[in-house]
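Below is one structure, written out as structure tokens; the observations come after it.
Fair warning: this is a prediction, and the values are worked out from it, not measured in the lab. Residue numbers count from 1 along this sequence.
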Amino acid sequence: MSYYLGVDVGTTTTRAIVYDQNARKIQEASQTYPLYRQADGMAEQEPQQLVDAVIDVINQAVDAAGVSQSELTAVGFSSSNQSVILLDKRYQPLSRVITWADTRAARVAKRVQQSLTAQPLYSRTGTPVHPMSPLIKLMWLQEEHPALMARAAYIGDVKSFLFNQLFGCFKVDISIASSTGMFNITKSEWDSEALKMAKISADQLPQVVNATAQQVGLLPAMASRLHLPANIPFIFGAYDGAMTNIGVGATAEDTVAITIGSSAGVRVITDHPVIDPEQRLFCYCLDEGKWVVGGPLNNGGAVFDWAVRHMVDTNAVRNSGGDQFDVANSVIAETPVGAHGLIFHPFLGGERAPLWDANARGSFSGLTPLHTRADMLRSVMEGITMNIATVFQVLCELVGRPKSVTATGGFSRSLVWRQMLADVLNTKVKVPQHFAAATLGAAAMAMKSTGLIDKAATVANHDMTVEEYQPQVAAVDIYQQVLPIFTQLEGFLAPSYQSLAALQERLSHYQE
């Protein structure tokens with residue numbers, strides 16, 4: 001029997017899972033670490049904590065699985081994308097990892113969005129202009145920290161840094177490269193015009209490799225720390241969203257994958273680049289004539305967590321015998337669809353798709369004296385879901401309506417939310433149970449790279465429990481009335497977001 005490791009390096013958690021050659025999970029390990037945040041929009045990780053977490057979870061999973069080293073075949077990698085880490089001439093960190101969630105470059109993003117370069121830049125790179133983009137981050141660093149940028153010999157990211165620490169190479173997979181805003185997705189090379197905007201050279205960036213590319217020869221120091229054969233191949237894989245699609249079998253244009261965790265994402269894999277004339281979606285290279293098209297959303301389960309903390313009555317929790325989330329889901333299930341006409345825009349953390357506005361702010365619309373906390377709770381869940389639906393609708397417009405939707409993430413713990421997603425999208429939704437899709441996708445890339453399977457999508461045939469939710473006609477009818485108003489209000493409110501953000505910043509200074 002051959003065994004494969006899938007490793008997923010996330011924003012706050014790294015997970016490793018040992019699979020057998022039939023893609024059955026044998027053992028899992030995970031480790032969390034902090035995301036360092038500040039009020040100015042900073043969102044950073046400590047590089048060494050990431051390296052240590054990867055080593056620890058690999059060792060824990062391998063040891064607990066009881067698999068001999070001779071049976072371990074390969075390690076596949078998934079990671080978050082759109083990160084930046086500045087490195088010196090010895091590839092040592094000059095900065096922490098600036099993550100996708102960092103919004104300090106919002107001013108630079110707004111300037112570029114309003115310039116004549118925005119549309120052609122997006123058309124070449126498939127990356128919308130936003131503070132998440134490494135290109136925009138580097139432009140901001142050049143303006144705000146020129147001395148630091150002058151010291152930076154290399155510009156890395158989470159994956160290229162990890163592989164450098166493990167092997168001494170400086171490489172990154174094509175999906176991570178193409179999400180930087182500096183990679184030409186039709187020419188498959190670093191974009192010269194974008195590099196000029198960032199004031200860097202291609203020599204400072206990692207070598208771009210395919211998703212199935214292998215790296216062997218662990219550095220002695222790393223080989224001594226890892227409970228793996230020294231010559232085991234590590235497979236570069238892709239970014240976590242693409243790996244999730246592969247893990248759930250959403251590898252064709254008629255199959256959409258939706259992830260709802262703290263944030264959210266809607267993605268489809270195509271056999272050609274899809275560039276949105278309105279710049280609402282991203283288009284990233286994946287591998288071997290495949291592209292990932294979709295939209296990431298800042299505001300998913302984290303917004304629901306906020307609502308539960310502030311709106312669920314503590315006495316109700318004590319009387320229920322459950323926790324806050326049990327009470328919230330019970331209340332939402334008992335509240336009428338449409339929350340009595342209360343509409344919530346969930347932009348508590350700015351927004352990426354489809355707005356691409358770091359200044360976006362949340363709001364309730366339609367409040368009357370008759371509305372209750374129960375209505376507010378339901379409207380929050382509905383607002384998050386309708387925001388996802390706006391991205392889903394754009395995807396349908398550009399690629400075609402899918403035959404199926406597979407949804408994963410922490411939202412699946414809520415039965416009412418699963419049904420709500422099917423109702424709002426007016427589409428059958430499949431929800432795999434207890435399933436780490438990105439990790440399986442990473443293992444699938446390792447299986448493909450080593451010749452075990454011909455296509456990574458083959459792992460979709462593995463044994464997993466899937467529950468299906470059909471849209472309910474009465475709920476669909478209501479949501480079809482609410483969605484246009486949700487979108488209309490979004491258009492009315494958008495011009496005020498920048499002024500609101502500026503006001504909040506001024507007021508915060510008064511309170512210091």
Side-chain angles (χ1 to χ4, degrees), residues 1-9 14-30 54-79 159 163 166-167 173 175 209-218 223 226-240 242-252 255 257 269 286-288 290 406 408 430 432-466:
M1 180 74 74
S2 298
Y3 295 89
Y4 292 79
L5 265 167
V7 180
D8 178 35
V9 185
T14 287
R15 176 176 286 103
I17 300 180
V18 178
Y19 297 93
D20 67 16
Q21 63 192 38
N22 298 311
R24 288 190 292 258
K25 184 172 78 171
I26 304 301
Q27 192 58 248
E28 176 178 355
S30 64
V54 168
I55 292 171
D56 289 345
V57 297
I58 287 176
N59 289 343
Q60 291 167 21
V62 169
D63 292 348
V67 176
S68 69
Q69 288 201 2
S70 62
E71 294 176 306
L72 291 170
T73 304
V75 182
F77 261 80
S78 162
S79 74
K159 189 173 286 184
F163 271 74
L166 293 167
F167 297 97
D173 70 79
S175 77
V209 299
N210 289 330
T212 52
Q214 300 183 8
Q215 192 68 38
V216 295
L218 287 164
L226 283 163
H227 304 173
L228 296 172
N231 62 346
I232 190 170
F234 277 54
I235 316 305
F236 281 85
Y239 87 96
D240 49 10
M243 292 291 83
T244 295
N245 274 60
I246 290 172
V248 300
T251 58
T255 310
I269 293 177
L286 176 52
D287 196 39
E288 297 181 357
K290 297 291 184 181
T406 301
T408 58
K430 298 187 290 186
Q433 299 303 297
H434 310 296
F435 189 54
T439 315
L440 179 60
M445 279 296 183
M447 293 174 185
K448 180 182 177 184
S449 177
T450 56
L452 178 68
I453 57 178
D454 293 331
K455 297 180 180 179
T458 305
V459 299
N461 297 322
H462 62 85
D463 183 23
M464 68 176 179
T465 302
V466 177

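A pairwise comparison of heavy atoms in Leu166 and Leu226 identifies CD2-CD1, 4.0 Å as the closest pair. Taking every heavy atom of both residues into account, Gln21 and Met1 meet most closely at CG-SD, 3.4 Å. The minimum heavy-atom distance linking Ile235 with Ala211 is given by the pair CG2-O, 3.3 Å. When all heavy atoms of Gln27 and Ala64 are compared, the closest pair comes out as CG-CB, 3.3 Å. The two residues Asp20 and Ile26 have their closest heavy-atom pair at N-CG1, 3.8 Å. Lys159 and Ser79 make their closest contact through CE-OG, 3.4 Å (heavy atoms, listed as atom of the first residue, atom of the second, distance).
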For Thr212 and Asn210: C-alpha separation, side-chain torsions, deciding distance, then whether side-chain hydrogen bond (donor to acceptor under 3.5 Å, both in side chains) applies. CA-CA 5 Å; Thr212 52; Asn210 289 330; 5.4 Å; no

Apply the test side-chain contact (heavy atoms from CB on, under 4.5 Å) to residues Asp173 and Phe77: give CA-CA distance (whole Å), side-chain angles for both, the deciding distance (0.1 Å), then the verdict. CA-CA 10 Å; Asp173 70 79; Phe77 261 80; over 6 Å; no

Between Leu218 and Phe167, does the side-chain contact (heavy atoms from CB on, under 4.5 Å) criterion hold? Intermediate values first, please. CA-CA 5 Å; Leu218 287 164; Phe167 297 97; 3.6 Å; yes

Can you list the steps and then say if Val67 with Val62 is a side-chain contact (heavy atoms from CB on, under 4.5 Å)? CA-CA 6 Å; Val67 176; Val62 169; 5.6 Å; no

Evaluate the side-chain contact (heavy atoms from CB on, under 4.5 Å) criterion for residues Thr439 and Tyr19: first the C-alpha distance (whole Å), next the side-chain angles of each, then the deciding distance (0.1 Å), finally the verdict. CA-CA 10 Å; Thr439 315; Tyr19 297 93; 3.8 Å; yes

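Note that NZ of Lys448 is 9.0 Å distant from CG of Asp454, once rounded to the nearest 0.5 Å. Atom OG of Ser30 is separated from atom CG of Asp56 by 11.5 Å, given to the nearest 0.5 angstrom. With rounding to the nearest 0.5 Å, the separation of CD1 in Ile55 from NE2 in His227 is 10.0 Å.
With sequence neighbours left out, the salt bridge (Lys or Arg N to Asp or Glu O under 4.0 Å) criterion links Asp8 to no other residue.
Residues Val7 and Thr14 are in side-chain contact: their nearest non-hydrogen atoms beyond the backbone lie under 4.5 Å apart.
No donor-acceptor distance shorter than 3.5 angstrom exists from the side chain of Glu71 to the backbone of Tyr3, with no hydrogens or angles considered. Side chain of Asn245 to backbone of Ala250: a donor-acceptor contact under 3.5 angstrom is found. Without hydrogens or angle criteria, Ser175 side chain to Tyr239 main chain gives a donor-acceptor distance under 3.5 Å. Not a single donor-acceptor pair under 3.5 Å links the side chain of Thr255 to the backbone N or O of Thr251.
Under the 30°/60° scheme for interplanar angles, the aromatic rings of Phe236 and Phe163 are found to lie parallel.
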